[in-house]
Amino acid sequence: LQMYADISSLSQSASGGFISNGTFSVVATLEVADSYGNIWESAPSPPVSITMTGGTSVQSITAIVAMYGLEPTRKVYVVWYRTKNGGTTYYRESRTLLSVSSTTSSTVLGLNETSLSSGAIIYSQGELENYAPEAPIAVCAEEDRMWAVPGSSRTHVVASKPRAPGLGLAFFGQYYRDVPAGGNITALARQDSSLYALKSGSVHVAIGKGPEANGTNDDLSEFATLYNNMGAESHLAVYRASSGIYVKNATDLWLIGRNQQQQRIGMDVESYSGSQSLRAITYDNARRLVRFLYGREAQSCFELVYDEEVGAWSYFTRQSSSDSALPHSAYFNNAMYYVMPVAGAGSKLFKESATTFTDNGVGYSLKVLTAWIKPGQTLQGFGRIYRALLLGDNLASHTLQVRVRYDYETTYSAPYTISSANATAVNGVWQPEIRFARQKCEAFQLEISDVSPTGQGFALSGLSLLVGVKPGSNRQPPQKRF
């Protein structure tokens, strides 16, 4: 709640309650319940005092708050707290539903002191006042606390109070940590006892959990610079996973391990990620897959997937359209969800299924591209590639295609194709063999794919190569000799 209740007046009534003569102080808060039943309460208003002089014990106080054109989308209540005569402790006395059709909201306070003292004491007399920071440009959360970067103070990190059961999340009013100079914070991440603040070209870290709700026992250190050779381009470019913090900067992908050591993991996919527009990073907990979703308006969407267990990358093409819709993704309840642009239809929500092998009804191909393989075992050695033997499982009808390119060339030779029926002929084992027309080379690269995908296709378990080593270096044509 950004606002608090502003008490515009307190007035004495000779009847209508059970208040005797004395001096009383009144404060008010705003209160709202969210969809989960959690109660969110604003900071208290400035206190307003009133002295009762009517001489009887049936007096009451009419209290009014100004509305200032407030038009809440949920039911908002004014909660009234009052002290005993001459006291300093504020007890909860009344709660009034705000009416959006009026410029003021009023209630009558009239409990005697015995009844008043049975009410709850206002939260701010046991902890610091609740505060709602300006709209943040970056947030991160842990088990019981949230951290944020306010939009108007982008070198500050503010903290919420530790979360209490049944209550909404509230921030401290004046508590923050400043991050060393050198630009604005673009993203936050929290892992173990480390709080990371990332800028476009640097990473900073503070250690500790922060203060309790009353501001005591603050063990959070000041921020110190951890790295100056990497950073995050936006809050979308940071994600916490089991292995550490994944980060995309302007040109590369990084992992900050749980030991705070950095690892450049994007070298193998630099041609894909580079300066492309990252839309989301998500983490498949069940399979330990980190997914980087890229896409721009009116451009193809694609996803880079990093397998934490084997340290390998995969590439997936996603929906594309000429529409202005942008893609997004999320991992929720052990399933992946995607909001994807669809040509002529804006955006649609998709759910990934482990038993569906088409993309919105369209088949997609498994494609494997090997590294450059050197038969001569050295750079620019000389050898032969005789055969490639594949082993795997035939899962659905498909057409296997193998293409090869030689000696670091960019074009492929004529493809080799075989149907799934022929690949499993005789004994039912999916074990196709390719005999290459051209054999001599210094290096070769294989591309293996399904060129008629209608379903699951095949699963590749292994690849064996029969190669030969020839003496000397690669033979160059006369035109390249001098």
Side-chain angles (χ1 to χ4, degrees), residues 38 40 43 123-232 234-247 249 254-263 281 283:
N38 297 311
W40 300 69
Y123 75 89
S124 58
Q125 293 196 299
E127 59 185 72
L128 299 180
E129 293 182 0
N130 293 341
Y131 164 77
E134 301 90 342
I137 57 94
V139 297
C140 70
E142 51 186 308
E143 289 77 8
D144 66 346
R145 170 169 277 156
M146 178 176 284
W147 305 86
V149 179
S152 61
S153 303
R154 299 191 180 191
T155 61
H156 291 173
V157 178
V158 299
S160 77
K161 299 177 182 179
R163 185 171 180 187
L167 299 180
L169 205 60
F171 282 76
F172 295 104
Q174 300 298 324
Y175 180 86
Y176 68 90
R177 284 289 187 272
D178 194 38
V179 178
N184 293 327
I185 302 170
T186 56
L188 293 175
R190 177 75 171 177
Q191 185 134 58
D192 303 324
S193 61
S194 299
L195 176 62
Y196 296 94
L198 296 95
K199 300 183 179 183
S200 60
S202 58
V203 180
H204 312 268
V205 64
I207 307 298
K209 288 190 65 66
E212 297 178 9
N214 60 7
T216 63
N217 299 324
D218 180 15
D219 64 346
L220 184 69
S221 70
E222 297 294 332
F223 277 95
T225 301
L226 186 62
Y227 296 112
N228 273 318
N229 64 336
M230 60 170 288
S234 76
H235 67 281
L236 297 174
V238 175
Y239 196 88
R240 180 185 70 181
S242 59
S243 295
I245 308 296
Y246 287 89
V247 180
N249 65 3
W254 296 81
L255 170 63
I256 302 175
R258 301 184 83 144
N259 59 359
Q260 297 187 359
Q261 297 300 305
Q262 66 176 176
Q263 177 186 354
I281 305 176
Y283 185 63

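Starting from 1, each residue takes its place in the sequence as its number.
- For the pair Y227 (side chain) and Q262 (backbone), a donor-acceptor distance under 3.5 Å is present.
- Summarising the geometry of S242 relative to Y283, their closest heavy-atom pair is OG-OH, 2.7 Å, with the distance given to 0.1 Å.
- Counting all heavy atoms, side chain and backbone alike, V179 lies closest to V157 at CG2-CG2, 4.0 Å.
- With no hydrogens or angles considered, no side-chain donor-acceptor pair links N217 and K209 at under 3.5 Å.
- Between Q260 and Y196, the closest side-chain pair of non-hydrogen atoms falls below 4.5 Å.
- There is no side-chain donor-acceptor pair under 3.5 Å between E129 and S124.
- Within the model, atoms CH2 of W147 and CG of L220 stand 4.5 Å from one another, a figure rounded to the nearest 0.5 Å.
- Between the side chains of D192 and S194, not a single donor N or O lies within less than 3.5 Å of an accepting N or O.
- The closest donor-acceptor contact from the side chain of R177 to the backbone of A159 lies at 3.5 Å or more, if one exists at all.
- Using a 4.5 Å heavy-atom cutoff, the side chains of R163 and N38 are in contact.
- With hydrogens and angles disregarded, a donor-acceptor distance shorter than 3.5 Å links the side chain of K199 to the backbone of G183.
- The shortest distance between side-chain heavy atoms of M230 and I256 falls below 4.5 Å.
- Remark: I137 CD1 to N184 CG distance equals 7.5 Å, nearest 0.5 Å.
- Counting all heavy atoms, side chain and backbone alike, G231 lies closest to V203 at CA-CG2, 4.4 Å.
- Nearest heavy atom pair, residue D218 against residue G210, reads OD1-CA, 3.5 Å.
- No more than 12 heavy atoms of other residues, nucleotides or ligands lie within 6.0 Å of OH in Y176, so this atom counts as exposed by the packing criterion.
- No side-chain heavy atom of Y239 sits less than 4.5 Å from a side-chain heavy atom of I245.
- Here the side chain of T186 pairs a donor or acceptor atom with the backbone of A232 at under 3.5 angstrom.
- Heavy atoms only, all atoms of each residue included: P150 and P133 are closest at CG-CB, 4.5 Å.
- With hydrogens and angles ignored, the 3.5 Å screen pairs a side-chain donor or acceptor of R154 with a backbone N or O of G151.
- At a threshold of 4.5 Å between non-hydrogen side-chain atoms, the residues W40 and N130 do not count as touching.
- A donor-acceptor contact shorter than 3.5 Å links the side chain of R240 to the backbone of R190.
- Rounded to the nearest 0.5 angstrom, T155 OG1 and I185 CD1 are separated by 6.5 Å.
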Worked check of side-chain contact (heavy atoms from CB on, under 4.5 Å) between F223 and I207: CA-CA 8 Å; F223 277 95; I207 307 298; over 6 Å; no
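- Interatomic distance, K161 NZ to E212 CD, rounded to the nearest 0.5 Å: 12.5 Å.
- The shortest side-chain heavy-atom distance between L198 and V247 falls under the 4.5 Å cut-off.
- You'll find the side chain of P211 reaches within 4.5 Å of the side chain of R145, heavy atoms only.
- With values rounded to the nearest 0.5 angstrom, L169 atom CG is found 5.5 Å from M146 atom CE.
- Inter-residue side-chain proximity for L188 and V139 is flagged as unmet; no heavy-atom pair is nearer than 4.5 Å.
- Separating the CD atom in Q263 from the CG atom in L255 is a distance of 5.5 Å, to the nearest 0.5 Å.
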Go through the steps for L195 and V205 under the test side-chain contact (heavy atoms from CB on, under 4.5 Å), then give the verdict. CA-CA 6 Å; L195 176 62; V205 64; 5.9 Å; no
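- A donor-acceptor pair is defined here as one N or O able to donate and one able to accept, closer than 3.5 Å; no such pair exists between the side chain of S160 and the backbone of F171.
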